[in-house]
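Here is the structure we will look at.
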Amino acid sequence: MNNLVIFGAPGAGKGTHATILAEKYNLYHLSTGDRLRQEVASQSALGLEIKAVMERGDLVDDDTVTRIVNKAIIEDPRGIIFDGFPRTVRQAKVLDLLLEIYHQKINCVVRIDVPRDELIRRIKDRSVTSGRKDDTDEAIIKRRLDEYENKTFPVIDYYRQNGVLLNIDASGSIEQTKARIAEAVAKHM
Ligand code: ADP
């Protein structure tokens, strides 16, 4: 079974390219951001707790996120493309353990790399259609990018050491990036 991680900063295009890859390889697209937004929309006790965290642009705590992933992993028998997870080294380690339980592993981690200025531009463009509060306010966007640089960036080294990291220049158009990803990923499927 194939399992992929799509990795990148907020606004890099993880959702877009995860959707393309999920269709191409018949994978289950698991977006932790979408799951967390569903939890908030349900107005559950947990949803109310994480709403404020997400609106500030902070990362939700590892235990909450890994619990959600743990539950979602058994919903669909196909391989999974993880979108927005792992975002900390601790989450990356939990993911390895979870996959091990099911005798699975990650084929490769597709890191899509975009310069910071371009990320801010993309998030602002997206805010017109996303309806996401955290996409509209520049201070919150910067907070999310800081969280990425401080807590998520070390995950790159974790996967580089495991030998599964693919670095993709994603500063160009969706079509250009799609072609680059397709070429790199094909060798690992
Ligand atoms: P983006 O990558 O554009 O920020 P996401 O939908 O992936 O969009 O994430 C939105 C928010 O959801 C994050 O800012 C964070 O608060 C929360 N979130 C999503 N995935 C995780 C995760 N793996 N760990 C912690 N928080 C998460």
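All ligand and atom numbering here is 1-based and tracks the order in the structure.
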Taking the basic N atoms (NZ, or NE/NH1/NH2) and the acidic carboxylate oxygens, is any pair closer than 4.0 Å for [X] and [Y]?
X: Arg35; Y: Glu39; value: no
X: Arg144; Y: Asp135; value: yes
X: Asp125; Y: Arg121; value: yes
X: Lys93; Y: Asp96; value: no
X: Arg37; Y: Asp34; value: yes

Could you walk me through whether His17 and Ile168 pass the side-chain contact (heavy atoms from CB on, under 4.5 Å) check? CA-CA 12 Å; His17 293 289; Ile168 307 288; over 6 Å; no
Against heavy atoms of [X], which atoms of ligand 1 measure under 4.0 Å?
X: Gly84; answer: 20 (N), 21 (C), 22 (C), 23 (N)
X: Thr32; answer: 19 (C), 20 (N), 21 (C), 23 (N)
X: Lys14; answer: 2 (O)
X: Met54; answer: 11 (C), 12 (O), 16 (O)

More than 12 heavy atoms of other groups within 6.0 Å of [X] [atom1]:
X: Ile174; atom1: CD1; value: no
X: Glu183; atom1: CD; value: no
X: Glu75; atom1: CD; value: yes

If I apply the N/O under 3.5 Å rule, does Arg126 come out as touching ligand 1?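 For ligand 1, there is an N or O atom that lies under 3.5 Å from one belonging to Arg126.
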Is there a polar contact between ligand 1 and Pro86, counting only N or O atoms under 3.5 Å apart?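 In this structure, Pro86 places no N or O atom under 3.5 Å from an N or O of ligand 1.
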Atom 16 (O) of ligand 1: which of Asp58, Ile141, Val53 has the nearest heavy atom?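 Nearest heavy atom to atom 16 (O) of ligand 1 lies in Asp58.
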From the options Arg37, Gln91, Lys151, select the one whose nearest heavy atom is closest to atom 6 (O) of ligand 1.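 Considering heavy atoms of Arg37, Gln91, Lys151, the nearest to atom 6 (O) of ligand 1 sits in Arg37.
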Is Glu147 near ligand 1, meaning one of its heavy atoms is under 4.0 Å from it?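 No heavy atom of Glu147 comes that close to ligand 1.
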Are any of the heavy atoms in Gly11 under 4.0 Å away from ligand 1?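 Distance cut 4.0 Å: Gly11 passes for ligand 1.
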So which protein heavy atom does [atom] come closest to, and at what separation?
atom: atom 13 (C) of ligand 1; result: Arg87 NH2, 4.1 Å
atom: atom 4 (O) of ligand 1; result: Arg144 NH2, 3.0 Å
atom: atom 25 (C) of ligand 1; result: Val60 O, 3.2 Å

Counting only heavy atoms closer than 4.0 Å, does ligand 1 sit against the backbone of [X], its side chain, both, or neither?
X: Arg56; answer: neither
X: Leu36; answer: side chain
X: Arg132; answer: side chain

Sub-4.5 Å side-chain heavy-atom contact between Asp113 and Asp169: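 Result no, sub-4.5 Å side-chain heavy-atom pair not found.
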